[in-house]
Amino acid sequence: TRPIFRMLGRDCKKEYDKLSAERGMMAMDGIGKVQKRQKGRRRGSGIVEIAILLVLPLLLHSLIPIRIVIPPPYSYLGAIVMLLGLWLMVWAASVFRKSGTGFQLEGGGSALVTSGPFQFSRNPMYLGILVWLIGFAILLGSLVVFVVPVIIFLLAEFILIPIEERRMEQTFGEEYKEYMGRVRRWL
């Protein structure tokens with residue numbers, strides 16, 4: 001077993017493995033073999049998306065430096081905007097976790113979440129991503145990088161969110177329609 005479990009005892013190790021299995025994570029058994037993940041769970045959830053959100057703006061900034069529209073030191077304000085977007089995403093994710101439901105597009109949700117940031121936006125995760133991307137564009141200061149949040153907004157507005165809204169209407173029916181009437185899509 002791992003040194004930390006030797007210090008904490010066998011019961012701690014068993015509890016860790018139990019929680020890991022429930023959450024679909026990989027866990028070590030008592031002999032040191034890796035247990036398989038639960039079927040249907042995403043591996044490395046969001047890593048590809050995060051890489052795209054980081055790499056695409058950097059590539060555009062480096063390969064197509066059209067014009068710097070926000071020079072330093074003003075561009076450093078982008079870090080504050082990025083933190084605001086990150087805070088919104090983390091807040092929304094924590095509300096999902098507390099509600100016991102997931103937020104993956106293909107997984108669907110088991111509960112309609114209307115508290116926290118969902119009181120003022122039906123899509124605070126997308127909103128947080130957009131705010132973060134706008135902050136990143138400000139930080140880089142390059143005009144071409146501002147194309148990325150526009151593209152992400154268009155994808156979310158016309159493809160991703162309508163798919164999710166149809167799924168939510170099918171799952172939650174009238175309750176979701178009432179929520180749609182009370183809370184706007186973005187802000």
Side-chain angles (χ1 to χ4, degrees), residues 42 44-99 101-109 111-172 176-187:
R42 281 180 69 174
S45 177
I47 292 174
V48 172
E49 293 91 344
I50 291 169
I52 290 171
L53 294 176
L54 282 172
V55 172
L56 183 61
L58 286 171
L59 279 175
L60 288 172
H61 178 71
S62 299
L63 299 176
I64 314 171
I66 294 176
R67 182 179 179 171
I68 299 295
V69 291
I70 304 175
Y74 306 109
S75 64
Y76 302 145
L77 294 173
I80 295 168
V81 177
M82 289 174 70
L83 287 173
L84 179 64
L86 180 64
W87 171 77
L88 184 57
M89 289 185 281
V90 169
W91 184 22
S94 71
V95 171
F96 269 130
R97 267 193 287 295
K98 286 177 187 171
S99 299
T101 189
F103 55 88
Q104 297 293 338
L105 176 63
E106 66 276 351
L112 180 60
V113 179
T114 60
S115 60
F118 297 91
Q119 295 175 56
F120 62 84
S121 172
R122 292 196 316 261
N123 299 285
M125 296 291 283
Y126 288 122
L127 183 60
I129 290 168
L130 285 174
V131 169
W132 188 89
L133 282 170
I134 290 167
F136 197 34
I138 293 169
L139 184 66
L140 295 175
S142 177
L143 181 62
V144 71
V145 179
F146 283 93
V147 168
V148 176
V150 171
I151 291 170
I152 298 299
F153 171 78
L154 293 173
L155 282 171
E157 178 70 15
F158 296 109
I159 297 173
L160 298 173
I161 293 174
I163 291 170
E164 290 179 4
E165 286 180 341
R166 281 192 297 276
R167 186 172 291 142
M168 296 292 282
E169 280 186 56
Q170 291 170 350
T171 304
F172 300 107
Y176 184 71
K177 288 180 183 176
E178 182 183 305
Y179 174 64
M180 285 177 72
R182 280 192 332 262
V183 179
R184 297 173 61 131
R185 181 178 274 182
W186 292 100
L187 279 177

Test item: Glu157 and Tyr126 side chains (from C-beta on) under 4.5 Å apart, heavy atoms: no
Considering all heavy atoms, the nearest Met89-Met125 contact: O-SD, 3.4 Å
Residue Tyr74 excluded, over 12 heavy atoms near OH under 6.0 Å: no
Pair Leu60-Ser142, side chain to side chain contact (heavy atoms under 4.5 Å, CB included): steps then yes or no: CA-CA 9 Å; Leu60 288 172; Ser142 177; over 6 Å; no
Evaluation steps, side chain to side chain contact (heavy atoms under 4.5 Å, CB included), between Glu49 and Ile129: CA-CA 11 Å; Glu49 293 91 344; Ile129 290 168; over 6 Å; no
Tyr179 side chain near Phe172 side chain, heavy-atom distance below 4.5 Å: no
Heavy-atom pair of closest approach, residues Val183 and Gln119: CG2-O, 3.6 Å
Closest non-hydrogen atom pair, Arg122 against Met180: NH1-O, 3.4 Å
Heavy-atom side-chain proximity of Phe96 to Val113 below 4.5 angstrom: yes
From Leu143 atom CG to Ile64 atom CD1, the distance as rounded to the nearest 0.5 Å: 11.0 Å
Heavy-atom side-chain contact between Trp87 and Val131 under 4.5 Å: no
Note, Ile138 side chain near Phe146 side chain (heavy atom, < 4.5 Å): yes
Shortest non-hydrogen separation from Ile52 to Pro57 and the atoms involved: O-CD, 3.7 Å
Closest contact, heavy atoms only, Ala111 versus Ser99: CB-O, 4.4 Å
Side-chain touch Tyr176/Leu112, heavy atoms, less than 4.5 angstrom: yes
Student check: side-chain heavy atoms of Leu84 and Ile80 closer than 4.5 Å: no
Arg67 CZ: over 12 foreign heavy atoms closer than 6.0 Å: no
Gap between atom CG of Leu88 and atom OG of Ser121 - 0.5 Å precision: 7.0 Å
Distance in Å, Leu133 CG paired with Leu139 CG, rounded so as to fall on 0.5 Å steps: 12.0 Å
Minimum side-chain heavy-atom gap Leu140-Leu58 below 4.5 Å: yes
Over all atoms of both residues, closest heavy-atom pair of Ala156 and Trp186: CB-CH2, 3.9 Å
Separation of Ile152 CD1 from Ile134 CD1 (nearest 0.5 Å): 11.5 Å
Distance (rounded to the nearest 0.5 Å) between Ile151 CD1 and Leu56 CG: 7.0 Å
Interatomic distance, Phe153 atom CZ to Leu127 atom CG [nearest 0.5 angstrom]: 10.5 Å
